[in-house]
Chemist: 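Below is one structure. I have some questions about it.
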Amino acid sequence: AAAPDLTAAAGAAARTLERDRQVRPPARVRRLAAGEIAATGPKRTVCDAHSTERLPGDAVRREGEPAGGDAAVNEAYDGLGATYTFYREAFHRNSIDGRGLPLDATVHYGSSYDNAFWNGDRMVFGDGDGDVFQRFTLSVSVIGHELTHGVTQYSANLDYRGQSGALNEHVSDVFGALVEQFRLGQSADRATWLIGAGLFTPKIKGTALRSMKQPGDAYDDPVLGKDPQPATMSGYVATDDDMGGVHLNCGIPNHAFYLAASELGGYAWERAGRIWYRTLTDAKLPSDVNFAGFAAATARTAADIYGQGSAEHNAVQAAWRRVEVTPNGAARA
């Protein structure tokens, strides 16, 4: 059979990403008080947009209702639950805002829509174009990633441009990966560290959207090209596109987290994840923090929790050195 012409689909995917940046909501910042939780369980509602771009769509599954015959509805419902459970059990956080925010989602959004996004109130999932992407509810790491944009919205509120924007994407990748690992019971050495595994159709030569273990190796396809993510500051991409390269340069802190978690071993959410979560929800973290400032903040957090010179403190510092980021507590984006 002739190779499919994916150029149009790839272009549509790029245009979709541009639109998502336009619909990112203004932040509603509310820092979670230490120890605050009233875990009453998730409150999920999944709606169906019926291939339109009208939100929220028709409610088709509410909390406690059984699964039906629509795979996207079931996957969205389960992914919302997996993310809620992860944050509650790993960090004692009560939903995305820390106060029991209902978790709403809309599936079958748009026609051949190549993305999923958090719009400030709900998760929205496209079905993919069928050539480049499959439906976006397939990946629990993507669901965890997008819902973590909500966690960031209600905590650090990291500016979505330049290095602070790359950190915004980075923490979503970190906790998206950890949601998947927590759900599967995977230790750091057994995890794939892939974001969006399974989203590409068989027509695409690639395994995922991004790799935290090996940034730059997630895909290598004749139409999409080679994954352009850098793993160290030597490859940092200076650009005005993509809000200053937020989806590219997040590979650098992503790799630092992978290195720290792998050095510490065990379940990544227990030590490395705890350090990153505490840093993200620390009221002292500036919204315009850059890589150096974030590196310094994670090192301080590790020392605060585990002690100066502890295995955790040393692993965090060594990870940032390996990606060529020098901590600077006064740095800004």
Side-chain angles (χ1 to χ4, degrees), residues 37 39-46 61 63-68 70-98 100-105 107 116-118 122-125 134-152 169-200 207-213 218 254 257-258 260-262 264-277 280-281:
I37 184 170
T40 56
K43 303 178 184 69
R44 291 166 286 183
T45 303
V46 181
R61 188 176 179 187
E63 186 63 44
E65 294 179 348
D70 189 321
V73 171
N74 298 334
E75 289 160 356
Y77 184 90
D78 291 345
L80 296 177
T83 305
Y84 177 92
T85 299
F86 166 75
Y87 275 106
R88 181 191 64 198
E89 296 190 10
F91 306 125
H92 305 293
R93 187 180 187 90
N94 185 14
S95 193
I96 299 310
D97 66 343
L101 183 75
L103 298 179
D104 297 327
V107 299
F117 62 91
W118 164 259
R122 68 174 46 246
M123 277 297 310
V124 182
F125 298 96
Q134 304 188 74
R135 63 182 182 272
F136 279 75
T137 53
L138 279 168
S139 172
V140 72
S141 64
V142 166
I143 297 174
H145 170 106
E146 295 298 341
L147 286 173
T148 298
H149 280 305
V151 175
T152 299
E169 286 297 324
H170 158 63
V171 295
S172 277
D173 277 356
V174 164
F175 294 109
L178 294 185
V179 167
E180 183 172 85
Q181 292 173 27
F182 187 88
R183 187 185 196 191
L184 297 175
Q186 290 177 332
S187 57
D189 62 333
R190 293 185 177 274
T192 67
W193 295 99
L194 296 173
I195 305 300
L199 289 185
F200 287 135
T207 56
L209 301 177
R210 291 182 291 281
S211 171
M212 299 179 69
K213 182 177 183 178
N254 278 1
F257 182 86
Y258 161 77
S262 296
L264 292 171
Y267 295 123
W269 61 85
E270 291 184 339
R271 290 191 284 174
R274 183 184 179 195
I275 292 164
W276 257 247
Y277 177 77
L280 179 67
T281 56

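As the structure is a prediction and not an experimental result, all values here were calculated from the model.
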Chemist: Please evaluate residues Tyr87 and Val151 with respect to the criterion side chain to side chain contact (heavy atoms under 4.5 Å, CB included), reporting the C-alpha separation (whole Å), side-chain torsions for both, the decisive distance (0.1 Å), and the verdict.
Modeler: CA-CA 10 Å; Tyr87 275 106; Val151 175; 3.8 Å; yes

Chemist: Under the criterion side chain to side chain contact (heavy atoms under 4.5 Å, CB included), I'd like the reasoning laid out for Phe200 against Thr207: C-alpha separation, chi angles, the key distance, then a yes or no.
Modeler: CA-CA 7 Å; Phe200 287 135; Thr207 56; over 6 Å; no

Chemist: I'd like to know whether Arg61 forms a side chain to side chain contact (heavy atoms under 4.5 Å, CB included) with Asp70, so could you lay out the CA-CA distance, the side-chain angles of the two residues, the decisive distance to 0.1 Å, and finally the verdict.
Modeler: CA-CA 10 Å; Arg61 188 176 179 187; Asp70 189 321; over 6 Å; no

Chemist: Treating Ser95 as the side-chain partner and Gly100 as the backbone partner, does any N or O pair qualify as donor plus acceptor under 3.5 Å?
Modeler: no

Chemist: Check the pair Leu103, Glu63 against side chain to side chain contact (heavy atoms under 4.5 Å, CB included), reporting the backbone distance first and the verdict last.
Modeler: CA-CA 10 Å; Leu103 298 179; Glu63 186 63 44; over 6 Å; no

Chemist: Is Thr192 close to Lys213 at the side-chain level, that is, under 4.5 Å between some pair of heavy atoms?
Modeler: no

Chemist: Mind checking the CD-CZ spacing from Glu146 to Phe175? Nearest 0.5 Å is all I need.
Modeler: 15.0 Å

Chemist: State which residues pass side chain to side chain contact (heavy atoms under 4.5 Å, CB included) with Arg122; sequence neighbours excluded, sorted by chain then number.
Modeler: Cys47, Leu55, Pro56, Asp104, Thr106, Asn119, Val124

Chemist: If you define the side chain from C-beta out and look only at heavy atoms, does anything of Ile143 sit under 4.5 Å from Val179?
Modeler: no

Chemist: side-chain hydrogen bond (donor to acceptor under 3.5 Å, both in side chains), that's the test. Do Asn94 and Tyr84 meet it? Break it down for me.
Modeler: CA-CA 8 Å; Asn94 185 14; Tyr84 177 92; 3.1 Å; yes

Chemist: For Glu75, enumerate each residue passing the side chain to side chain contact (heavy atoms under 4.5 Å, CB included) test, keeping only those at least two apart in sequence or located in another chain.
Modeler: Ala71, Arg135, Thr137, Leu138

Chemist: Does Tyr77 have any ring pair (Phe, Tyr, Trp, His ring centres under 6.0 Å) partners at least two apart in sequence or in another chain, and if so, which?
Modeler: none

Chemist: Run the side chain to side chain contact (heavy atoms under 4.5 Å, CB included) test against Ala261 and tell me which residues pass, sequence neighbours left out.
Modeler: Trp193, Phe257, Ala268, Ala272

Chemist: Roughly how far apart are Asn254 CG and Ser211 OG, rounded to 0.5 Å?
Modeler: 9.0 Å

Chemist: When you measure from the side chain of Arg44 to the backbone of Leu80, do you find a donor-acceptor pair of N or O atoms at a distance under 3.5 Å?
Modeler: no

Chemist: Nearest 0.5 Å please: distance from the CZ atom of Phe182 over to the CD atom of Glu270.
Modeler: 9.0 Å

Chemist: For Ser187, enumerate each residue passing the side-chain hydrogen bond (donor to acceptor under 3.5 Å, both in side chains) test, keeping only those at least two apart in sequence or located in another chain.
Modeler: Asp189

Chemist: Please check if the side chain of Arg271 supplies one atom and the backbone of Arg274 the other of a donor-acceptor pair under 3.5 Å.
Modeler: no

Chemist: Can you tell me how far CG of Leu194 sits from CG of Asp173, rounded to the nearest 0.5 angstrom?
Modeler: 11.0 Å

Chemist: Test of understanding: with ring pair (Phe, Tyr, Trp, His ring centres under 6.0 Å), list the residues that count as partners of Tyr267, not counting sequence neighbours.
Modeler: Trp269

Chemist: How many angstroms lie between CD1 in Ile96 and CG in Leu101, if you round to the nearest 0.5 Å?
Modeler: 7.0 Å

Chemist: Counting only heavy atoms from other residues, nucleotides and ligands, does the tally under 6.0 Å from NZ of Lys43 exceed 12?
Modeler: yes

